[in-house]
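To start, the structure under review is shown below, and the notes come after it.
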Amino acid sequence: MLFFCVKLVFRKNGSFSSQHIHDSQAMKDRGIHCVMDQDREMRRKSKFAVSEKSE
């Protein structure tokens with residue numbers, strides 16, 4: 001645990017970078033999205049998809 005805190009303690013404005021897929025530039029360059037975004041995109045494209053809205 002101590003080694004995880006070294007960056008936070010000894011660097012000015014130290015913080016952990018985001019681990020989310022949508023925040024990664026490398027993933028964006030490869031066209032990889034979050035599974036939720038991929039699902040939403042496929043629902044929009046498909047004419048047989050189930051609507052996200054609940055009644």
Side-chain angles (χ1 to χ4, degrees):
M1 190 64 179
L2 177 68
F3 292 114
F4 287 120
C5 297
V6 169
K7 184 176 178 181
L8 294 173
V9 173
F10 292 112
R11 290 187 74 192
K12 184 185 247 184
N13 296 328
S15 65
F16 292 109
S17 59
S18 175
Q19 300 300 312
H20 294 279
I21 290 174
H22 67 271
D23 292 334
S24 172
Q25 187 61 42
M27 294 293 188
K28 288 179 185 177
D29 293 342
R30 292 183 179 105
I32 299 172
H33 306 284
C34 171
V35 70
M36 297 299 285
D37 292 338
Q38 288 178 346
D39 182 55
R40 190 175 299 117
E41 184 177 320
M42 292 306 292
R43 285 175 185 261
R44 280 189 218 136
K45 289 181 181 180
S46 176
K47 62 181 177 180
F48 298 109
V50 176
S51 175
E52 289 185 28
K53 295 180 183 177
S54 63
E55 294 179 18

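We use all heavy atoms of the structure for the numbers below, so side chains are in, but hydrogens, waters and symmetry mates are not.
- Residues in residues 18-38 take part in these salt bridge (charged side-chain N to carboxylate O under 4.0 Å, His left out) pairs, two or more places apart or across chains: Asp37-Arg40.
- For Glu41, the side-chain hydrogen bond (donor to acceptor under 3.5 Å, both in side chains) test picks out Lys45, with sequence neighbours left out.
- Heavy-atom minimum distance, Ile21 versus Met27: O-CB, 3.9 Å.
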